[in-house]
Engineer: 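The structure that follows is given in the form of structure tokens.
Residue indices begin at 1 and follow the sequence shown.
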Amino acid sequence: MNGVRTQPHGRRAPGRATGPVGRLTRRREVAELVVEAGGGPLRRTLGLTQLTLLSVGATLGTGIFVVLGEAVPQAGPAVVLSFVLAGVTALFSALSYAELAGMIPGAGSSYSYTYATLGELVAWVCGWCLILEYGVSVAAVAVGWGQYVNELLQLTIGRTLPDTLAAPPGDGGVLNVPAAAIVVLAMVVLLRGARESAVVNTVMVAVKLAALVIFCAVAFTAFHAGNFRPLFPLGTAGMTAGASSLFFSYIGFDAASTAGEEAKHPQRDLPRAIVLSLGLVTALYCAVALAAVGAMPWQRFAGTEATLSQVLVRSVGGGELWPVLLSIGAVVATTSVVLTVQYGQIRILFSMSRDGLVPGLFSRVHRRTGVPRAGTVIVSAFVALLAALIPLGDLADATSIGTLFAFALVNLAVLILRRRTPDAPRSFRVPLAPVTPLLGVACCGYVMYGLGADTWIAFGVWMAVGLVVYGLYGIRHSTLNRPAPEPETTP
């Protein structure tokens, strides 16, 4: 019989790439990725509401509850505009994510998109950035969770955990036990399955939305317009620096794209979930920032932990009821982020493992739960270690730079696929292309420029390590590196 043998997962053997450049630029075909996603081992159990809440759950958390306290001293009252600038940057990328998620509904998110457009090396770099984005951001959120747990203990029983057990070495402690504990708790939930995790996340998202609405309602009772004069005490550079820090608050809207192989109707629901979640989160962030600075002068934000709770304690009357309720909401909120972002990290590694770029154990799915069990345990252990040992500020900035780089690649991927496959089915199209994706690239570069030199150095080291790992393992084990057998013929 005439024909060509196929490789595992239904892939057609592409043949050995010729030359080093060819091996680095080889691509996965869009049609191949779509077929692979449709026949993968993950279970399709998530609808539009669950996907939207997955994105909201991954986004709405430490960024607004904790990182706001670090951004206000950088931007002053203009922090509200910093949120807008960061939101616009995220919006351009969200539109590109929406188009690509509708075309390629797989678990790999921007990693898969760049594999189909820019080639294997760039896809590896993107995936390595996503590991930084998701893994480090979970650790950062876990640290913020520990801060609000301490705040809640202080408000309710008048005691807090000792610094030796509640802070990393860089902040005067030995080990951040609460931060590590919440990562392990999220791991236990994730091991039960995607549907069960989505139900838990839905409940927690409802609680944290209620907490932020209550904060705005209470804080606006102490609103003073004079707190916004002058609007730019630190200049427009301060606003940009604030946006660079606050971009961490928008990380996670792309979580829906990592659920492409577990969505019931991915082409229809993924674009809607991404855009809806970002719109909701941006509106809420601006309202919270406006209420917070209106209630407490911006100079008093410096050095605060559990920032929103401190705003209510210092500026709003009514005793400890509102701060206690807010702290409870913040604990639930950050728990939700840990759960959903950790979910995304595991799915990214699942996709990279299936392509052979990381070890195969990350793509082994448990028969009963439909969950990559080994990957879940390994990722959770690594993130728990980061959360226990590294301070929040360093984690947040490292997360932002990795995310911005990956977002820029997604915008470029839209432009390339528009030229390469202009007639391919698209359930959503970025408006005003190519202008909108180009603006997305420019905004990502502008916000990256506002990050500090230490963050850039750390990012460079991370990229160098990633290239070494790719050179030693990924390029050798890539499924596209396998030789195609000679066609079988019959006499």
Engineer: Would a 4.5 Å heavy-atom cut-off, applied to side chains only, mark Leu95 and Pro431 as touching?
Structural biologist: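 Of all side-chain heavy-atom pairs linking Pro431 with Leu95, at least one is under 4.5 Å.
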
Engineer: Between Pro271 and Phe428, which heavy-atom pair has the shortest distance, and what is it?
Structural biologist: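 Closest approach of Pro271 to Phe428: CB-CB, 3.7 Å.
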
Engineer: Between Ser277 (side chain) and Ser55 (backbone), is there a donor-acceptor pair under 3.5 Å?
Structural biologist: no

Engineer: Would you compute the distance between atom CZ of Phe407 and atom SG of Cys126 and round it to the nearest 0.5 angstrom?
Structural biologist: 10.0 Å

Engineer: Hey, does Leu361 have a side-chain heavy atom less than 4.5 Å from the side chain of Arg364?
Structural biologist: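 In contact.
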
Engineer: If the plane angle is over 60° it's perpendicular, under 30° parallel, otherwise tilted; pick one for Tyr285 and Phe83.
Structural biologist: tilted

Engineer: Side chains of Thr421 and Arg426: closer than 4.5 Å at any heavy-atom pair?
Structural biologist: yes

Engineer: Looking only at heavy atoms, which two atoms of Leu357 and Trp124 are closest? And how far apart?
Structural biologist: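 Scanning both residues, the minimum pair turns out to be O-CZ3, 3.5 Å.
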
Engineer: When you measure from the side chain of Thr455 to the backbone N and O of Leu451, does any donor-acceptor pair fall under 3.5 Å?
Structural biologist: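 No; zero donor-acceptor contacts below 3.5 Å.
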
Engineer: Roughly how far apart are Thr335 OG1 and Leu185 CG, rounded to 0.5 Å?
Structural biologist: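 Here the rounded value is 7.0 Å.
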
Engineer: Could you tell me whether the side chain of Leu60 reaches within less than 4.5 Å of the side chain of Lys208, counting heavy atoms only?
Structural biologist: yes

Engineer: To the nearest 0.5 Å, how far apart are CG in Leu409 and CG in Leu404?
Structural biologist: 11.0 Å

Engineer: Nearest heavy-atom pair of Ala243 and Leu85: which atoms, and what distance?
Structural biologist: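 Looks like CB-CD2, 3.7 Å.
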
Engineer: Kindly state whether the ring of Phe350 and the ring of Phe362 have centres lying under 6.0 angstrom apart.
Structural biologist: no

Engineer: Test Tyr343 against Val189 for side chain to side chain contact (heavy atoms under 4.5 Å, CB included), laying out the working first.
Structural biologist: CA-CA 10 Å; Tyr343 166 92; Val189 175; over 6 Å; no

Engineer: Any salt bridge (charged side-chain N to carboxylate O under 4.0 Å, His left out) pairs touching residues 404-420, not counting sequence neighbours?
Structural biologist: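 Every pair satisfying salt bridge (charged side-chain N to carboxylate O under 4.0 Å, His left out) with a residue in residues 404-420: Glu99-Arg418.
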
Engineer: Would Leu472 and Val468 count as a side chain to side chain contact (heavy atoms under 4.5 Å, CB included) here? Give the steps.
Structural biologist: CA-CA 6 Å; Leu472 294 178; Val468 171; 3.7 Å; yes

Engineer: Would you say that Tyr470 contacts Val125 through its side chain, given a criterion of any heavy-atom pair below 4.5 Å between the two side chains?
Structural biologist: no

Engineer: For residues Ile346 and Leu190, determine if any side-chain heavy atom of one lies less than 4.5 Å from a side-chain heavy atom of the other.
Structural biologist: yes

Engineer: Starting from the C-alpha separation in whole Å, work towards a yes-or-no answer on side-chain hydrogen bond (donor to acceptor under 3.5 Å, both in side chains) for Tyr111 and Ser351.
Structural biologist: CA-CA 8 Å; Tyr111 157 75; Ser351 187; 5.3 Å; no

Engineer: Report yes or no: do Ser478 and Glu120 form a side-chain donor-acceptor pair below 3.5 Å?
Structural biologist: yes

Engineer: Taking side chain as C-beta onward, heavy atoms only, is Leu412 less than 4.5 Å from Val441?
Structural biologist: yes

Engineer: Without hydrogens or angle criteria, can the side chains of Tyr250 and Thr59 be said to hold a donor-acceptor pair below 3.5 Å?
Structural biologist: no

Engineer: Taking all heavy atoms of Val207 and all of Gly329, pick out the closest pair and write down the distance.
Structural biologist: CG1-CA, 4.3 Å

Engineer: Okay, side chain of Thr240, backbone of Thr236: is any donor-acceptor separation there less than 3.5 Å?
Structural biologist: yes

Engineer: Using a 3.5 Å distance criterion without hydrogens, assess whether the side chain of Trp128 forms a donor-acceptor pair with backbone atoms of Val465.
Structural biologist: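 No: the side chain of Trp128 does not pair with the backbone of Val465.
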
Engineer: Does any non-hydrogen side-chain atom of Val288 lie less than 4.5 Å from one of Cys216?
Structural biologist: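 Answer yes - side chains close enough.
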
Engineer: Rounded to the nearest 0.5 Å, how far apart are OH of Tyr113 and CG of Leu118?
Structural biologist: 14.0 Å

Engineer: Donor-acceptor pair, Ser380 side chain versus Val377 backbone, under 3.5 Å?
Structural biologist: no

Engineer: Where do Ala241 and Gln74 come nearest, in terms of heavy atoms and distance?
Structural biologist: O-OE1, 3.7 Å

Engineer: Between Leu100 and Val410, does a side chain to side chain contact (heavy atoms under 4.5 Å, CB included) hold up when you go through it step by step?
Structural biologist: CA-CA 8 Å; Leu100 295 176; Val410 170; 3.8 Å; yes

Engineer: Are more than 12 heavy atoms, taken from residues, nucleotides or ligands other than Tyr449, located less than 6.0 Å from that residue's OH atom?
Structural biologist: no

Engineer: If we ignore angles and hydrogens, is there a donor and acceptor under 3.5 Å between the side chains of Ser96 and Asn411?
Structural biologist: yes

Engineer: Given the rule in the side chain to side chain contact (heavy atoms under 4.5 Å, CB included) test, do Arg272 and Thr52 qualify, once you have shown the distances and angles that lead to the verdict?
Structural biologist: CA-CA 8 Å; Arg272 295 179 183 180; Thr52 302; over 6 Å; no

Engineer: How would you list, by chain and number, every residue that makes a ring pair (Phe, Tyr, Trp, His ring centres under 6.0 Å) with Tyr446, sequence neighbours excluded?
Structural biologist: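 So Tyr446 forms no ring pair (Phe, Tyr, Trp, His ring centres under 6.0 Å) with any residue.
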
Engineer: Quick one: pull up CE in Met239 and OG in Ser244 and give me the separation to the nearest 0.5 Å.
Structural biologist: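 It is 10.0 Å, given to the nearest 0.5 Å.
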
Engineer: From Leu270 CG over to Leu51 CG, what is the distance, rounded to the nearest 0.5 angstrom?
Structural biologist: 5.5 Å

Engineer: If the plane angle is over 60° it's perpendicular, under 30° parallel, otherwise tilted; pick one for Trp456 and Phe459.
Structural biologist: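 Because their plane-to-plane angle is over 60°, the rings of Trp456 and Phe459 count as perpendicular.
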
Engineer: For a quick test of reading the model, state the closest non-hydrogen atom pair linking Leu417 to Ala116 and the distance between them.
Structural biologist: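 Reported closest heavy-atom pair: CD2-O, 4.4 Å.
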
